[in-house]
Amino acid sequence: MSTVSFFPSRTVALYMARLFLVRTFAILGGLVLVLLALNLLSESGNILAQKGNGDAQVWRYVSLRGPELIAFGLPYSVLLGTILTLITMNQNSEIIALKASGMSAHQVLAPLLVASLGVAILSFAFNDRVVSRATATLTQWNKVNYGPLPVDRGDRSNVWVRDGDDLIEVGQIRGRGNAAILGGVTVYDRAGGNLVGIVRADRGRRDGNGWRIEPATRFDVAKGTLTQLGSVVIGRGVRPDQFTLASVDADGLSFGALRSAIADLAESGRPTAALEGALWHKLSSPLSSVLMPLLGAVAAFGIARSGKLFIRAVIGMALGFLYFVADNFALAMGSLGAYPPFLAAWAPFLLFLLIGEAVLFRTEE
């Protein structure tokens, strides 16, 4: 007795998956090369303008910017790879042969759905382990105009905290909580809104309810004198999270690190809705690859010689790009607080999943 399988034969499934993956990654490679060339045209002058920079720094920029462009271009490449694969199979009457064997539209698309799920898993791992670190490093490097910067990935940099009338600037923070270590500390001592002194120190650490910095110097604005203070405690009442959570860049943090930052922010009573939306989006964004075979399926079903294949391909591309527009719009609304975090990240995905299914049933012939 024969059993009904959701997939075509093993040979056909591997054939379709191979066509899909080869086209997807070929398009991705070409897209990244074009975008990277355009980026270098705009940024190479700024990189080489920094004294001491040369070809090594340009290639360093390529290594940091490249992962971002790969993450950006992958969903579009999956969409175009899907459409090209299905158009080719439609023109060669391979789709008709599969349909004539009694297979449904979902069974025909099953190999592409499974392959796109693999792409989604790969995309999440790549974004979490590579893209987040490259983004954090590039952000810090850009802040110093591509100058020398000893980067410790995952640290906070250029953080400002208010302590009464005074302002505290920290060049870099390592660690979290009471174990946080401050580097490059500058305290702007103000009285009545006027600057009266500037205290500088190389490093600082938690001491009681304040922060002990050393070796510290104080410049008196009125007298114009510089005094050696040695070790001094500043910022009494300033909590560690005010330093470590003063600036949380969701794009520069991995999924686990962002979740920990959100928990710390929530514990300290600070708003987290925008970051929660970004956290959910780290899951929904890679999964958008699974939608592309559904949205591009309109190019698969229908008679190729009817003259409407090009129109079907355009409709598939339009549906895919509409998803990306809706996704960016929902994420922006979530950042503004207009949408709940979960809705901002998942509503476009669920909406276009239903649209893809509706179009698939409507266009199946």
Side-chain angles (χ1 to χ4, degrees), residues 12-39 65-95 98 105-106 108-124 126-127 131 281 284-302 304 307-329 348-349 351-353 355-360 362-364:
V12 173
L14 291 176
Y15 167 73
M16 293 181 65
R18 180 176 59 83
L19 286 180
F20 166 71
L21 292 175
V22 168
R23 283 161 172 75
T24 294
F25 287 105
I27 293 171
L28 177 63
L31 181 61
V32 169
L33 284 177
V34 171
L35 294 176
L36 196 54
L38 294 175
N39 268 265
R65 185 63 173 154
E68 291 185 32
L69 296 179
I70 292 173
F72 171 78
L74 184 57
Y76 300 94
S77 301
V78 172
L79 172 64
L80 296 177
T82 297
I83 293 175
L84 283 179
T85 299
L86 295 178
I87 284 178
T88 302
M89 295 185 67
N90 196 346
Q91 289 177 325
N92 295 334
S93 300
E94 293 169 311
I95 298 293
L98 291 174
H106 287 88
V108 172
L109 292 177
L112 301 189
L113 292 172
V114 173
S116 62
L117 180 61
V119 172
I121 295 172
L122 179 65
S123 175
F124 173 79
F126 181 75
N127 293 346
V131 177
H281 195 256
S284 65
S285 179
L287 277 177
S288 64
S289 298
V290 181
L291 281 180
M292 298 304 111
L294 285 176
L295 299 181
V298 67
F301 305 103
K308 296 182 180 180
L309 184 58
F310 176 75
I311 296 177
R312 289 174 175 272
V314 171
I315 292 173
M317 287 188 287
L319 287 173
F321 285 108
L322 278 175
Y323 165 75
F324 297 123
V325 172
D327 185 53
N328 289 328
F329 175 79
F349 179 88
L351 173 63
F352 277 82
L353 177 63
I355 291 175
E357 289 288 345
V359 171
L360 186 61
R362 178 69 181 83
T363 59
E364 183 179 1

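Note that the numbering runs from 1 along the sequence shown for the chain.
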With rounding to the nearest 0.5 Å, note down the distance linking [atom1] in [X] to [atom2] in [Y].
| X | Y | atom1 | atom2 | value |
| --- | --- | --- | --- | --- |
| Leu351 | Asp327 | CG | CG | 11.0 Å |
| Thr88 | Glu94 | OG1 | CD | 8.5 Å |
| Ile83 | Asn90 | CD1 | CG | 12.5 Å |
| Leu80 | Arg23 | CG | CZ | 12.5 Å |
| Leu74 | Ile27 | CG | CD1 | 11.0 Å |
| Phe25 | Phe20 | CZ | CZ | 8.0 Å |

At their closest point, which heavy atom of [X] faces which heavy atom of [Y], and how far apart are they?
| X | Y | value |
| --- | --- | --- |
| Ser77 | Thr24 | CB-O, 3.5 Å |
| Met89 | Leu19 | CG-CD1, 4.3 Å |
| Phe126 | Pro67 | CE2-O, 3.7 Å |
| Ile70 | Leu28 | O-CD1, 3.9 Å |
| Asn127 | Ala71 | OD1-CB, 3.3 Å |

Hey, are the side chains of [X] and [Y] touching, using non-hydrogen atoms and a 4.5 Å cut-off?
| X | Y | value |
| --- | --- | --- |
| Glu68 | Asn39 | no |
| Thr85 | Val22 | no |
| Ile87 | Gln91 | yes |
| Val32 | Phe72 | no |

* Parallel, tilted or perpendicular: ring planes of Phe324 versus Phe321, cut at 30 and 60 degrees ->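 Phe324 vs Phe321 ring planes: perpendicular.
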Let me have the donor-acceptor pairs involving side chains of residues 284-295, under 3.5 Å, with sequence neighbours excluded, atom names and distances please.
{"unit_1": "Ser284", "atom_1": "OG", "unit_2": "Ala345", "atom_2": "O", "d": "3.1"}
{"unit_1": "Ser288", "atom_1": "OG", "unit_2": "Ser285", "atom_2": "O", "d": "2.6"}
{"unit_1": "Ser289", "atom_1": "OG", "unit_2": "Pro286", "atom_2": "O", "d": "3.4"}

* Taking the six-membered ring for Trp, are the ring centroids of Tyr323 and Phe349 within less than 6.0 Å of each other? ->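 Not under 6.0 Å, so no.
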* Worked verdict on Leu86 versus Leu112 for side-chain contact (heavy atoms from CB on, under 4.5 Å) -> CA-CA 10 Å; Leu86 295 178; Leu112 301 189; 3.6 Å; yes
